[in-house]
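Let me begin by presenting the structure, written as C-alpha cells, before commenting on it.
First the proteins, then the strands, lettered A, B, ... as listed; each starts at 1. When reading the values below, keep in mind they use all heavy atoms of this one structure, side chains included, and skip hydrogens, waters and symmetry mates.
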Amino acid sequence: MLDVKLIRENPELVRQGLLNKNAKDIVSEVLAVDEERRQLILRTDELKSKRNQVSAKIPQMKKAGEDTTLLLAEMKLVSDEITQLDITLREKEEVLEEILRYTPNLSHSSVPVGKTAEENVETKQWLPEGFSFENDFKPLDHIQLGKKLKILDFERGTKISGSGFPLYIGKGATLERALINFMLDYHLQHHGYSEVMPPILVNRESMKGTGQIPKMEEDMYLIEKDGLYPIPTAEVPITNIHRDEILTEKELPVKYVGYSPCFRREAGSYGKDSKGFLRVHQFNKVEMVKFVKPETSYDELELLVKDAEDILQALKVPYRLLLLCTGDLSFSAAKCYDIETWSPAENKWLEASSCSNFEAFQARRANIRFRREETKKPEYLHTLNGSGLATSRLMISILENNQTPEGKIVVPKVLQKYTGFEIID
RNA sequence: GGAAAGGUGCUAGAGUGGUUGAAUAGGACGGUCUCGAAAACCGUUGUAGGGGCAACCUUACCGAGGGUUCGAAUCCCUCCCUUUCCGCCA
C-alpha cells in the first residue's frame, strides 16, 4: 500500500511512478478524497470535543442540583450529527482504502523503465565448467525422462487430483526431498537464516498483508467452509509472522528460510507453457524472507540474490540473472531480480526464482514496524523475499542438464549424501 | 462435536455507566547512592488520525462490529479468538 502522505506531498513523483508501472493514475482521485476526508475529521473532532466537555460538566451540574434537561436535548442533537458525519467519513476512508489496495508499489530509481518482459535486462550469466549450449546428443525433456526412469508420473497425478498436480515416484520423490533439504541446510549453514515451518492454510488478513488479496484473488485457492487459503508461497505466512508487531532495531535484520508446498490456481493461463512442470497447481519451494532497516534494503536485496545463486552454483546449474523493468515488476515489488535456469530440451531459460524488495509496501499493509533506538518512534521496516528456490522448474534443469546420452541422470554431487544414490537409471 | 470460563497497556492483573489512556505490581529506560555493581529511593515508559512553523492542542483506540445513553473498558446484541474439561482422532 502506498502512503497517502507521499501522494499528498509528491503527487508528480507518484504519477510518473504509476505510469512506469503501467498502472492506473489514481493521484487526482486520491487527493480529492483525502481532502474531503480531512475536512470531515476537522468537523467531527470539533463536535466530539464539545460533547466531551459538556458530558464532563453534566455530573457536576446534577450534583449542584441544576436542571440539565435543556442541555441533554441539545447534546442529543450534537451526537446525532456526529453519527451522521462519522458515517460519511468512513465511506470516504473506505473509498481511499479501496483505491490504495488496488494500486501497485512504485519502482526504485535503479529499475530500468520498460513496458514488457522484453525490456528486462540480463545482468549476468553463470555457466558451470564444461557447459555448452550445443548438445552432443538430443536431450530428452523432463517429461520423457520422468516417464522413462519412472520418477515422475503426470498422468497419475492428474487422475488423483487433476492436471498440474505432479506425482513424484521412487528416486524422483527422493531427489525432490533431497533438494529441499539441501537448500534449507545451505541457507542455514552459510547464509545465517533461521528456519521456520509455517502453516500452509492462512486466513484472509494474512493474504491481504502480503498483497495477494484483493488484486490476485482469482489466482488463489480458497477453502470456503473455513475461510482459509492454501498458500501460493511461504512468503505469505512467513511475512505475516510479524504482522501488527513493532520489532526492536537491534534484532534487525530478521532472516527466515522455510519450505512449503505452494498452491496456485493459475486461472486463465492454460495452453501456453503448461506441460509437465512448467506450470503446475502445486509445487515445492524454499523461501527466504527478510525484515530489514530501510536504509539497508537494497544491499540486502543483492545479498538475497547471491544466496539464491549460491544454491545454483553448488548444484552446477546454468542460470542467468534478469533485472525486471518497471512494467514487468509484480504488484508489490519496488525492484526485482529473476533467476532463470537453462533447459536444454526446451532450449530456453525458465524462471526458477524471484527476489524482490518491497520496501515498506507490505510492511504498511501488514503493519510491521520497528523502533529506532535514536528516535524511539515506530517506523515501517522493509521486507524482501526470494525463492531459494522453487523445485519444479529447477528440477527440469537438474534432470535435463545431468542426463547422459543413455538417458540416465547423474545426481549432482552436493545432493548425493541426501539421496543416498548417485545415479538414476 | 458437547460443556464452561475468559479476551484490558511490554507482561501480570484491577476496574462493572461520569476528569480512567486506564489503579497496582513486574519489566525496560533515566537519575540519586557506589570505586563499580546489587539493593533501596525518585522519575520516565502507548499507538494512530487531524490541526499548527513550533511549543502544543484535539480525536479515536480496553478482541472485532453494531446498539442503548448527554456520556461506555464498564449495560445489550452479533461475530472472532483463547484456555480448561469431555468426546473423536493422526
Side-chain angles (χ1 to χ4, degrees), chain A residues 1-9 30-101 197 199-209 213 222-229 237 240-252 254 261 360-381:
Chain A
M1 194 140 71
L2 291 180
D3 188 357
V4 185
K5 278 198 186 119
L6 176 75
I7 302 176
R8 205 187 292 157
E9 283 157 21
V30 165
L31 290 179
V33 178
D34 182 51
E35 180 60 30
E36 289 180 271
R37 170 180 151 265
R38 283 185 297 152
Q39 288 301 324
L40 282 164
I41 288 173
L42 230 48
R43 206 52 217 297
T44 52
D45 275 9
E46 203 177 306
L47 289 172
K48 282 176 186 169
S49 176
K50 184 179 173 190
R51 179 176 71 184
N52 287 346
Q53 280 172 30
V54 175
S55 288
K57 233 183 343 192
I58 284 173
Q60 295 168 12
M61 290 174 67
K62 282 190 172 164
K63 218 173 271 174
E66 292 174 51
D67 181 23
T68 56
T69 323
L70 258 168
L71 202 51
L72 292 189
E74 187 191 329
M75 291 321 290
K76 172 79 178 150
L77 292 177
V78 172
S79 264
D80 288 347
E81 190 178 354
I82 290 173
T83 308
Q84 285 310 311
L85 286 173
D86 267 344
I87 290 171
T88 317
L89 174 60
R90 196 158 65 184
E91 282 166 6
K92 297 293 172 200
E93 280 175 342
E94 274 166 14
V95 169
L96 201 57
E97 165 113 1
E98 183 76 1
I99 297 170
L100 291 176
R101 282 218 174 274
M197 195 171 285
I200 292 167
L201 302 181
V202 301
N203 59 32
R204 197 173 166 80
E205 268 315 299
S206 296
M207 293 291 272
K208 275 190 184 173
I213 279 180
L222 167 62
I223 297 167
E224 266 182 62
K225 201 166 181 179
D226 298 289
L228 293 170
Y229 296 80
N240 276 282
I241 289 174
H242 294 300
R243 166 151 56 87
D244 293 323
E245 290 185 13
I246 300 173
L247 306 182
T248 61
E249 181 174 6
K250 256 189 266 172
E251 61 194 308
L252 298 182
V254 173
F361 191 80
Q362 285 183 332
R364 204 171 288 116
R365 283 183 163 234
N367 192 28
I368 310 170
R369 292 170 292 173
F370 78 105
R371 197 186 298 277
R372 249 183 234 284
E373 279 174 38
E374 234 181 274
T375 61
K376 309 256 190 255
K377 277 276 148 205
E379 194 179 317
Y380 289 113
L381 45 72

For nucleotides 43-47 of chain B, tabulate all protein N/O to nucleotide N/O atom pairs closer than 3.5 Å, reporting atom names and distance.
unit_1 : atom_1 : unit_2 : atom_2 : d
B:U47  : OP1    : A:R371 : NH1    : 2.8
B:U47  : O3'    : A:R369 : NH1    : 2.8

Side chain A:R37, main chain A:K92, donor-acceptor under 3.5 Å |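 Absent.
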
Got a donor-acceptor contact below 3.5 angstrom from the A:R371 side chain to the A:K376 backbone?
->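 Here the side-chain-to-backbone pair exists.
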
On RNA chain B, check which nucleotide each of A:R38 and A:K50 is closest to and give me the residue with the more 5' one.
->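 By nearest-heavy-atom nucleotide position, the 5'-most residue is A:R38.
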
Name the residue closer to the 5' end of RNA chain B, choosing between A:Q53 and A:L42 according to the nucleotide with the nearest heavy atom.
->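 Its nucleotide being nearer the 5' end, the pick is A:L42.
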
For A:R90 and A:D86, run salt bridge (Lys or Arg N to Asp or Glu O under 4.0 Å): C-alpha distance rounded to whole Å, both residues' side-chain angles, the deciding distance at 0.1 Å, then the answer.
-> CA-CA 6 Å; A:R90 196 158 65 184; A:D86 267 344; over 6 Å; no

Does A:D45 make a side-chain donor-acceptor contact with the base of B:G49, cut-off 3.5 Å?
->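 Yes.
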
Measure the shortest side-chain to side-chain distance between A:R38 and A:R8 over non-hydrogen atoms and say whether it is less than 4.5 angstrom.
->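 Of all side-chain heavy-atom pairs linking A:R8 with A:R38, at least one is under 4.5 Å.
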
Beyond-backbone contact of A:V95 with A:E91, side-chain heavy atoms, under 4.5 angstrom |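 A side-chain contact under 4.5 Å is absent here.
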
Tell me the interatomic distance from [X], atom [atom1], to [N], atom [atom2], rounded to whole angstroms.
X	N	atom1	atom2	value
A:E93	B:G50	CD	P	9 Å
A:E66	B:G18	CD	P	20 Å
A:I82	B:U58	CD1	P	16 Å
A:E97	B:A48	CD	C1'	14 Å
A:E373	B:A28	CD	P	15 Å
A:E36	B:G50	CD	C1'	16 Å
A:D86	B:G50	CG	P	15 Å
A:R364	B:G49	CZ	P	11 Å

Is A:R8 near enough to B:G50 that one of its side-chain N or O atoms lies under 4.0 angstrom from OP1 or OP2?
->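 Affirmative; the distance criterion is met.
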
Below 4.0 Å: OP1/OP2 of B:U58 and any side-chain N or O of A:S49 =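 Answer no for this pair, as no side-chain N or O of A:S49 is under 4.0 Å from OP1 or OP2.
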
A:K48, nearest nucleotide to its side chain (from B:G18, B:G50, B:A60) |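 Nearest to the side-chain atoms of A:K48, counting from C-beta on, is B:A60.
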
Reading 5' to 3' through nucleotides 65-74 of chain B, protein heavy-atom contacts under 4.0 Å coded B for base, S for sugar-phosphate only, - for none | SS---BS---

Closest non-hydrogen atom pair, A:K50 against A:E74 |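 Where A:K50 meets A:E74 most closely, the heavy atoms are NZ-OE2, 3.8 Å.
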
If you look at every heavy atom in A:G209 and A:R365, which pair is closest and at what distance?
->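 Of all heavy-atom pairs spanning A:G209 and A:R365, the closest is O-CB, 3.5 Å.
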
Residues A:N52, A:S55; criterion side chain to side chain donor-acceptor pair (under 3.5 Å); working and verdict = CA-CA 5 Å; A:N52 287 346; A:S55 288; 5.7 Å; no

Is A:E81 paired with A:R43 through a side-chain N to carboxylate O contact shorter than 4.0 Å?
->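 Salt bridge: yes.
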
For nucleotides B:A54 and B:G49, find the distance between their P atoms and express it as a whole number of Å.
->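 So the two P atoms sit 15 Å from each other.
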
Rounded to the nearest 0.5 Å, how far apart are CG of A:L47 and CE of A:M75?
->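 Those atoms lie 8.5 Å apart.
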
Base paired to [N] (Watson-Crick or G-U; both N/O distances under 3.5 angstrom):
N	answer
B:A5	B:U82
B:A90	none
B:A25	B:U11
B:U47	B:A60

